[in-house]
Amino acid sequence: MTDTKAAAEEIGRLYPAVYRRFHVSRRPVDGSDLTPRMLGVLHHLSASGPLTVGELATHLGLSKATTTELVTRVQERGLVDRMRDERDQRRVYLWLTERGRHQADSHARVLADDI
């Protein structure tokens with residue numbers, strides 16, 4: 001029984017990484033180096049304006065940790081900037097850069113109305 005429990009724990013530990021690695025949302029959208037989730041972030045910020053990571057996580061239905069990782073990947077591509085709130089230095093807002101706005105406008109929304 002110990003071997004079964006150890007195997008189950010190992011599968012439980014590895015499953016999230018395997019899922020993330022092979023899940024469709026991690027594959028780039030045609031003609032882009034962005035995943036559907038990354039484009040979703042750009043489209044959402046384009047439509048809603050600046051948000052905190054927590055607000056974006058709530059809007060997208062993702063955890064803060066997942067959203068932070070996603071935003072970091074988008075920021076590394078120069079598509080999003082972070083800016084501290086001058087009145088409350090603890091709050092950090094996410095803004096689309098010009099390049100990010102161009103990318104959002106260049107690609108159909110992930111859930112386009114006509115689909």
Side-chain angles (χ1 to χ4, degrees):
M1 178 141 169
T2 304
D3 291 336
T4 304
K5 184 176 179 182
E9 288 174 354
E10 184 70 1
I11 289 168
R13 186 181 69 77
L14 294 174
Y15 181 81
V18 171
Y19 178 83
R20 285 191 305 270
R21 172 67 177 92
F22 294 104
H23 192 263
V24 172
S25 71
R26 300 279 285 189
R27 294 192 184 117
V29 171
D30 289 339
S32 170
D33 69 336
L34 302 174
T35 65
R37 275 196 174 169
M38 290 175 170
L39 278 175
V41 166
L42 298 182
H43 289 140
H44 197 81
L45 288 173
S46 178
S48 67
L51 295 170
T52 65
V53 171
E55 291 167 339
L56 183 62
T58 299
H59 290 198
L60 297 177
L62 300 171
S63 71
K64 276 188 174 181
T66 298
T67 304
T68 298
E69 177 186 331
L70 186 57
V71 167
T72 298
R73 291 194 337 247
V74 175
Q75 184 180 19
E76 288 169 349
R77 288 168 170 76
L79 305 174
V80 171
D81 275 332
R82 297 175 195 235
M83 177 182 260
R84 289 214 177 271
D85 184 340
E86 292 178 8
R87 294 175 292 173
D88 184 350
Q89 291 293 309
R90 296 170 296 177
R91 291 178 60 97
V92 177
Y93 287 99
L94 306 172
W95 301 76
L96 280 181
T97 63
E98 283 301 315
R99 186 170 173 224
R101 187 162 305 283
H102 175 72
Q103 285 285 343
D105 293 343
S106 296
H107 295 282
R109 289 189 5 234
V110 175
L111 297 175
D113 295 333
D114 59 338
I115 298 175

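Legend: residues meeting ring-ring contact (aromatic ring centres under 6.0 Å, His included) with H59, ordered by chain and number and at least two apart, are H44. Scored by the salt bridge (Lys or Arg N to Asp or Glu O under 4.0 Å) test, E10 finds R13 as partners (sequence neighbours excluded). Applying the side chain to side chain donor-acceptor pair (under 3.5 Å) rule to T72 yields the partners R82; only residues at least two apart in sequence or on another chain are considered. Partners of T66 under the side-chain contact (heavy atoms from CB on, under 4.5 Å) rule, at least two apart in sequence or in another chain, are R37, L62, S63. Checked against salt bridge (Lys or Arg N to Asp or Glu O under 4.0 Å), R77 has the following partners two or more places apart in sequence or in another chain: D33. Residues satisfying the side-chain contact (heavy atoms from CB on, under 4.5 Å) test with R84, not counting sequence neighbours, are Q89, V92. Remark: R90 pairs with D88 by the side chain to side chain donor-acceptor pair (under 3.5 Å) rule, at least two apart or across chains. Residues that satisfy the side-chain contact (heavy atoms from CB on, under 4.5 Å) test with D81, not counting sequence neighbours, are T97.
Interatomic distance, S106 OG to L39 CG, rounded to the nearest 0.5 Å: 10.0 Å. Rounded to the nearest 0.5 angstrom, Q103 CD and H43 NE2 are separated by 9.0 Å. Considering CG of L70 and OG1 of T35, their distance stands at 6.0 Å, rounded to 0.5 Å.
The shortest side-chain heavy-atom distance between L34 and L42 falls under the 4.5 Å cut-off. Between L79 and L96 there is no side-chain heavy-atom pair separated by less than 4.5 Å.
Of the possible donor and acceptor atoms, one in the side chain of T68 sits under 3.5 Å from a partner among the backbone N and O of K64.
Residue pairs meeting the ring-ring contact (aromatic ring centres under 6.0 Å, His included) criterion with at least one member in residues 83-103, sequence neighbours excluded, do not occur. Among residue pairs with one or both ends in residues 41-51, none qualify as salt bridge (charged side-chain N to carboxylate O under 4.0 Å, His left out); sequence neighbours excluded. Pairs of residues two or more places apart, or lying in two chains, that qualify as salt bridge (charged side-chain N to carboxylate O under 4.0 Å, His left out) and include a residue from residues 39-59 are E55-R91.
The shortest non-hydrogen separation linking L94 to L45 is O-CD2, 4.0 Å.
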